[in-house]
Amino acid sequence: MRLDALKETLLDALSNQTAFTIPLLGGIPVAESVVVSWIILAVWMVLALVLTRNLRVRDPGKVQIALESAVSFLNGFVKTSIGRHWRPFAPWLGTVALYIAASNLIGIFGLVPPTKDISVTAALALMSMLLIYGAQFRYRGLVGGLRQFGAPMALLAPINLMEVAVRPLALCMRLFGNILGAFIIMEMIKFVAPAVVPAVFSIYFDLFDGLIQTVVFVFLTTLFTGEGIQEAD
Amino acid sequence: MLDFQPSTIFFTILNLLILYFFLRKFLFGRVNAILEQRAALVREELDAAEEGSRQAQAAKDAYEARLSGAREEAAQIISEAKGRAQAAYDARLSQAQADAKQVLSDAQAQAEAQREAVLCSARDQVASLALLAASKAAGRALDGEDDRALVSAFLAEVGEQA
């Protein structure tokens with residue numbers, strides 16, 4: 001009986017719920033993950049507005065110092081990875097990092113992490129792919145961008161072309177798999193021992209793993225982007 | 001589990017773009033603007049500080065040059081004054097020495113003259129006495145000019161021999 005209940009819970013955890021359906025074009029389903037994403041968006045937007053309310057050049061407050069350090073860290077990281085053309089990439093990578101981090105960590109507050117939905121991670125990976133190869137063609141031109149597929153030697157061109165699909169797939173699956181795995185494990189632990197114990201494991205599976213996966217996703221995207229456009233001048 | 005839902009992908013991309021444009025304007029844009037302004041401010045203040053220190057150095061050099069000039073001038077003035085004082089001292093001293101010599105020589109001359117006068121008068125008196133004695137002995141007055149000159153010559157002869 002208990003095993004049946006566990007199976008039920010797990011199946012429930014694996015499936016993606018549809019929050020509601022927009023009655024347009026024969027019904028557009030809006031997944032739970034999208035609704036949670038909206039909450040995350042709202043939180044980040046409000047936080048951004050509140051935190052950047054009173055920025056001062058001289059005599060910054062504690063909050064501003066923390067904010068500046070974080071943005072400087074992001075800028076420095078993107079600068080070292082991408083090089084001369086880092087500037088337009090930093091805000092996007094920062095946005096992705098904030099979104100994924102919030103998505104991974106929101107399980108702590110009892111909400112379903114949006115990154116547990118493969119469609120969400122697929123969208124993230126798709127955007128990363130557009131960024132990586134868009135940047136490659138943007139900074140190298142059409143010919144240079146195509147030639148980059150033959151780097152470092154023409155022999156590797158098939159592998160490089162395959163990577164166009166493999167990279168986003170790997171990004172998508174890694175994030176999805178980790179968060180889904182952590183989510184399922186947490187559900188199981190909650191099922192077996194509902195008190196105290198989940199909190200302890202949550203530190204690893206929700207907090208640590210969530211942050212690590214955020215860093216991995218953003219780091220790899222930055223790395224690939226940098227690889228595509230570096231030495232382009 | 002592995003069902004890609006186009007609507008979710010679309011909504012997520014939309015969400016990401018919305019969040020991106022929002023954060024780029026209101027978070028990264030604002031913070032980066034502040035960071036750049038601060039960097040510009042720091043650069044400006046560094047430049048100003050360097051300029052100020054350069055000016056201070058120049059002023060210090062000028063003061064030092066002027067100070068050493070003044071010191072040299074002072075030393076020159078002092079040495080000039082010393083020289084002048086020395087000269088005045090020497091002049092005064094030599095003047096005093098000359099005066100002393102003068103006084104001394106005057107005194108000597110006076111003493112010599114007195115002595116001469118005394119000697120002369122003594123000689124005259126001796127001559128008178130000798131004349132008197134001789135006239136007594138000769139029985140007549142030997143008061144002519146010739147006699148006197150004779151006695152004087154005699155006495156001079158005697159004085160030289162004595």
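Lettering follows sequence order; numbering is per chain, from 1. The structure displayed is predicted, hence computed values, not measured ones.
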(request) Sort Leu23(B) into side chain, backbone, both or neither according to what part of it lies under 4.5 angstrom from a heavy atom of chain A. (result) side chain

(message) Need one label for Leu41(B): side chain, backbone, both or neither, based on atoms under 4.5 Å from any heavy atom in chain A.
(response) side chain

(message) Report which part of Leu51(A) has an atom under 4.5 Å of a heavy atom belonging to chain B: side chain, backbone, both, or neither.
(response) neither

(message) Pair Asp106(B), Gln102(B) - check side chain to side chain donor-acceptor pair (under 3.5 Å), show working.
(response) CA-CA 6 Å; Asp106(B) 279 359; Gln102(B) 181 69 40; 3.0 Å; yes

(request) Please state whether the side chain, the backbone, both or neither of Leu47(A) comes within less than 4.5 Å of a heavy atom of chain B. (result) neither

(message) Walk me through whether Ile118(A) and Gln5(B) qualify under side chain to side chain contact (heavy atoms under 4.5 Å, CB included).
(response) CA-CA 9 Å; Ile118(A) 196 165; Gln5(B) 218 173 3; over 6 Å; no

(request) State, without any angle test, whether Asn178(A) and Gln213(A) hold a side-chain donor-acceptor pair at a distance under 3.5 Å. (result) yes

(message) Is it the case that the side chains of Tyr133(A) and Arg167(A) hold a donor-acceptor pair, with the cut-off being a distance below 3.5 Å and no angle test?
(response) yes

(message) Heavy-atom cut-off 4.5 Å, strictly under: side chain, backbone, both or neither for Leu16(B) against chain A?
(response) both

(message) With chain A as the partner, which of Leu19(B), Leu14(B), Leu17(B), Leu35(B) has the greatest number of non-hydrogen pairs under 4.5 Å?
(response) Leu19(B)

(message) Under a 4.0 Å threshold between the charged nitrogen and the carboxylate oxygen, would Glu187(A) count as salt-bridged to Lys116(A)?
(response) no

(message) Please identify which of these residues, Leu111(A), Val112(A), Asp117(A), meets the side chain to side chain contact (heavy atoms under 4.5 Å, CB included) condition with Glu32(A).
(response) Val112(A)

(request) Could you tell me which portion of Phe22(B) (side chain, backbone, both or neither) has an atom closer than 4.5 angstrom to a non-hydrogen atom of chain A? (result) side chain

(request) Please look at Met45(A) and chain B and tell me whether the side chain, the backbone, both or neither of the residue comes under 4.5 angstrom of a heavy atom of that chain. (result) both

(message) Quick check on Ile18(B) against chain A: is it the side chain, the backbone, both or neither that has a heavy atom closer than 4.5 Å?
(response) both

(request) Look only at the side chain of Thr52(A) and the backbone of Phe26(B), and say whether a donor-acceptor pair between them is shorter than 3.5 Å. (result) yes

(request) Identify which part of Leu74(A) has an atom lying under 4.5 Å from any heavy atom of chain B, answering side chain, backbone, both or neither. (result) side chain

